[in-house]
Protein chains: 2
Amino acid sequence: MILDERIRVTLADVAAEAGVSKMTASRALRGSGDVSNTNTKKVRQAARKIGYVGNHLASSLSGQRSDLIGVAIPSLANIVFADVLAGIAEAIEGSGLQPVFGVTDYDLGKEYEIIRNMLSWKPAGLIVTGLDQSDDAKRLLANANIPVVQIMDLDGTPVDVCVGFSQRAAGEEMAEALLDMGRKRIAYIGCGVDMDVRAKKRLEGFTERLSRAGLKLAATRIGDGPSGITAGRELTSEVLSEHPDLDCIYYSNDDLAAGGAFHCIAAGLAVPGAITLAGFNGLDILESLPVEIVTSRTPRREIGRTAAKLIVEANNDADKHQSQILKYTPVIEFGD
Amino acid sequence: MILDERIRVTLADVAAEAGVSKMTASRALRGSGDVSNTNTKKVRQAARKIGYVGNHLASSLSGQRSDLIGVAIPSLANIVFADVLAGIAEAIEGSGLQPVFGVTDYDLGKEYEIIRNMLSWKPAGLIVTGLDQSDDAKRLLANANIPVVQIMDLDGTPVDVCVGFSQRAAGEEMAEALLDMGRKRIAYIGCGVDMDVRAKKRLEGFTERLSRAGLKLAATRIGDGPSGITAGRELTSEVLSEHPDLDCIYYSNDDLAAGGAFHCIAAGLAVPGAITLAGFNGLDILESLPVEIVTSRTPRREIGRTAAKLIVEANNDADKHQSQILKYTPVIEFGD
DNA sequence: ACTGGTATCGATACCGGTATCGGTACCATA
DNA sequence: TATGGTACCGATACCGGTATCGATACCAGT
């Protein structure tokens with residue numbers, strides 16, 4: 001494509017075409033009062049005629065604030081965050097806002113850079129994952145003077161708004177549910193790459209609840225590779241060969257648990273007859289699985305939607321914005 | 001959060017602090033020559049000291065081009081596009097570019113608005129899904145004067161660069177593979193919501209190849225609801241009860257196919273002994289499934305990565321950019 | 001005719017950077 | 001000493017919008 005010197009159509013061109021001043025053209029196109037109907041019509045026609053598109057850079061610079069929403073998520077390999085993005089996209093539909101995203105790879109340094117970079121766009125708001133940013137990043141967020149929504153976690157001190165659920169409590173509740181089912185010899189399987197702060201918090205809650213019942217994990221296995229169905233299948237196979245007497249495995253997420261289920265099916269192990277498998281997230285895949293897996297359904301799409309909605313509302317009426325904590329609760333599902 | 005009147009730190013402040021002019025400060029921070037080492041150091045220190053962050057709006061407005069990459073995808077419910085985003089995120093890592101995304105919901109009108117909106121950010125490049133935009137949208141893209149990459153499809157006329165594979169050919173090749181396996185009574189299952197242009201193209205290629213072999217689809221079933229594992233299971237159940245003699249089902253994607261597999265497992269149908277199931281995309285889930293499903297593995301992550309890389313490169317050296325077609329080929333996998 | 005109010009409009013000054021270009025200082029060379 | 005080159009620096013003019021505020025026109029009321 002040859003980058004020819006195309007003339008740029010600016011507001012001044014529209015104004016000239018319509019025979020009014022830049023200012024009147026600006027007002028007419030934004031519908032911000034004080035323009036006669038005649039001129040409004042003339043300007044609109046002129047804009048359409050010469051194909052005026054507008055320049056967000058200029059208007060945002062002038063207004064000191066853009067219509068961008070910054071979103072920092074740790075990964076896109078994890079469906080959970082794709083769902084969060086989907087929720088965000090849904091909530092901002094028609095608001096004129098647009099999401100910019102950055103992937104942190106669970107790295108606090110990258111997260112800091114992403115936040116810093118996003119702030120220099122003077123966004124209408126920021127959505128970041130979790131409560132555990134670096135101190136530098138937290139300082140940036142606190143001083144940013146825009147709505148900041150931290151999502152997916154509640155265990156900590158939010159900077160501004162917080163939309164999520166307690167990862168600790170989710171772990172505890174799952175432990176409780178499994179104990180209620182009479183499980184005693186319980187193993188934990190996670191993945192190093194996926195072993196983020198939140199999975200750790202769940203595990204803490206889980207083991208704490210177990211110890212209150214006088215139990216400890218019968219085995220713990222953290223894979224090196226990335227989380228996924230295949231990894232779950234292999235790790236389960238390994239753990240079960242070392243500990244054939246397990247009656248339950250708690251996985252850090254549903255992908256791993258589904259992999260575990262496939263191993264059990266192949267190995268002829270009845271689930272949940274011989275062994276109970278428990279995951280986390282409530283992915284669609286579990287519903288159709290030929291075996292029953294326990295899981296905590298996380299309202300991730302709702303969280304994304306709510307977070308974005310808060311920013312949209314603050315954008316429409318800045319006074320309405322206030323720091324708050326919106327608490328969701330994952331629901332335990334038994335797969336039947 | 002109280003929006004207090006915080007003073008904004010600008011380049012002028014940095015310059016004052018360092019005792020130089022705005023211009024020298026600007027040059028020093030960007031490392032764009034003609035600044036003495038002493039001053040460079042002074043400016044850097046001053047910037048750090050007063051916590052200068054920079055303003056992308058101002059620099060982009062001045063430079064007529066921003067460091068944003070616009071991405072238009074049809075949906076985030078479909079993992080495929082999350083993978084594309086992941087590839088994009090991967091490719092722009094460290095380039096200073098940031099992705100803005102918009103979800104079109106397979107709606108040409110929304111797509112046009114998204115493209116228009118993105119263009120008004122003067123992005124460094126645009127990545128849009130498919131070749132079938134509205135004429136208005138195509139005109140915008142053609143006149144945008146920036147690299148435009150259309151992804152995931154090849155069947156049509158690209159605006160600028162095109163990175164993808166032929167959906168028609170993918171359909172044909174799957175038909176060929178199934179014919180080679182001796183399948184004769186073949187049904188197609190898709191979903192209305194997911195019945196986008198590309199799925200249609202695959203189906204066209206598929207049926208055309210069948211008819212070259214003197215065959216037609218034994219049944220076609222398009223569900224009303226959204227695509228997914230659950231839908232696949234139900235649709236398969238319905239189709240098989242009406243046509244118990246089928247020896248093969250081709251699904252518009254792997255989610256549906258996996259659902260079909262679960263139905264067959266539950267119904268005691270041997271796969272691929274009694275019936276062959278074929279999907280599309282090559283999702284991770286299939287690998288661990290206790291049955292073998294045929295699928296075309298699409299290089300969606302690579303496509304995202306390549307598309308973004310082209311824009312990153314054009315951004316570094318505009319002259320290097322040229323219209324081209326980068327062709328990928330989905331590989332058929334037999335699930336074993 | 002004079003006053004006050006309302007509706008409409010436009011000149012001007014920004015927003016916070018960067019490109020440009022014309023200095024200035026200093027050194028080597030003739 | 002005059003001259004030319006190099007390294008460095010900063011005043012100025014933008015980029016393309018919008019906020020602000022003063023100007024103008026016109027009408028009703030007295």
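Note on naming: letters A, B, ... go to the chains in the order of the sequence lines (proteins, then strands), and numbering restarts at 1 for each one. The basis for the numbers below is simple: all heavy atoms, side chains too, and nothing from hydrogens, waters or symmetry mates.
For D34(A) and dG22(D), the CG to P distance is 15 Å, given to the nearest whole Å. Rounded to whole angstrom, the span from the CZ atom of R30(A) across to the C1' atom of dT20(D) amounts to 12 Å. Rounded to an integer number of Å, the gap from NZ of K122(B) to C1' of dC15(D) is 11 Å. Whole-Å rounding puts the N55(A) CG to dC14(D) C1' distance at 14 Å. Taking atom CG of N39(A) as the reference point, atom P of dA7(C) lies 16 Å away to the nearest angstrom. Taking atom CG on L119(B) and atom P on dG16(D), their separation rounds to 15 Å, with Å as the unit. Note: CG (L11(B)) to C1' (dA19(C)) measures 14 Å, nearest angstrom. When the P atom of dC8(D) is taken as reference, atom NZ of K41(B) falls 13 Å away, rounded to whole Å.
Within a 6.0 Å radius of CG in D135(A), other residues, nucleotides and ligands contribute 12 heavy atoms or fewer. Applying the 6.0 Å contact sphere to NZ of K309(B) captures no more than 12 heavy atoms from other residues, nucleotides or ligands.
Side-chain atoms of M23(B) lie closest to dG10(D) of the nucleotides dC9(D), dG10(D), dT20(D). Picking from dG16(C), dC9(D), dG17(C) the nucleotide with the shortest atom distance to the side chain of L61(B) gives dG16(C).
At the phosphate of dT18(C), neither OP1 nor OP2 sits under 4.0 Å from any side-chain N or O atom of Q64(B). For dT18(D), the OP1/OP2 oxygens have no side-chain nitrogen or oxygen of R27(A) closer than 4.0 Å. For the OP1/OP2 pair of dC9(C) and a distance below 4.0 Å, the side-chain nitrogens and oxygens of S21(A) include no atom meeting the criterion. Between dT18(C) and R65(B), no contact under 4.0 Å exists linking OP1 or OP2 to a side-chain N or O. Distances shown here put every side-chain N or O of T10(B) at or beyond 4.0 Å from the OP1 or OP2 atom of dC15(C). Of the side-chain N and O atoms in S32(B), none sit less than 4.0 angstrom from OP1 or OP2 of dT18(C).
With hydrogens and angles left out, the side chain of K22(B) and the base of dG16(C) share no donor-acceptor pair within 3.5 Å. Residue S62(A) places a side-chain atom within donor-acceptor reach of the base of dG17(D), judged by atom type and a 3.5 Å distance cut-off alone.
Annotation: of the two residues near DNA chain D, A12(A) and T24(B), the 5′-most nearest-nucleotide partner is T24(B). Projected onto DNA chain D by closest heavy-atom contact, V35(B) and S26(A) fall at different nucleotides, the more 5' of which corresponds to V35(B). If you find the closest nucleotide of DNA chain C to T38(A) and to V53(B), the one lying nearer the 5' end belongs to T38(A).
Below 30°, between 30° and 60°, or above 60°: for F101(A) and F101(B) the angle between ring planes is above 60°, a perpendicular geometry. Ring planes of H56(A) and W121(B): tilted class, angle from 30 to 60°.
Judged by distance alone, the side chains of H321(A) and D160(A) do bring a donor and an acceptor atom under 3.5 Å apart.
Using a distance-only test at 3.5 Å, with no hydrogens or angles considered, a donor-acceptor pair links the side chain of D13(B) to the main chain of T10(B).
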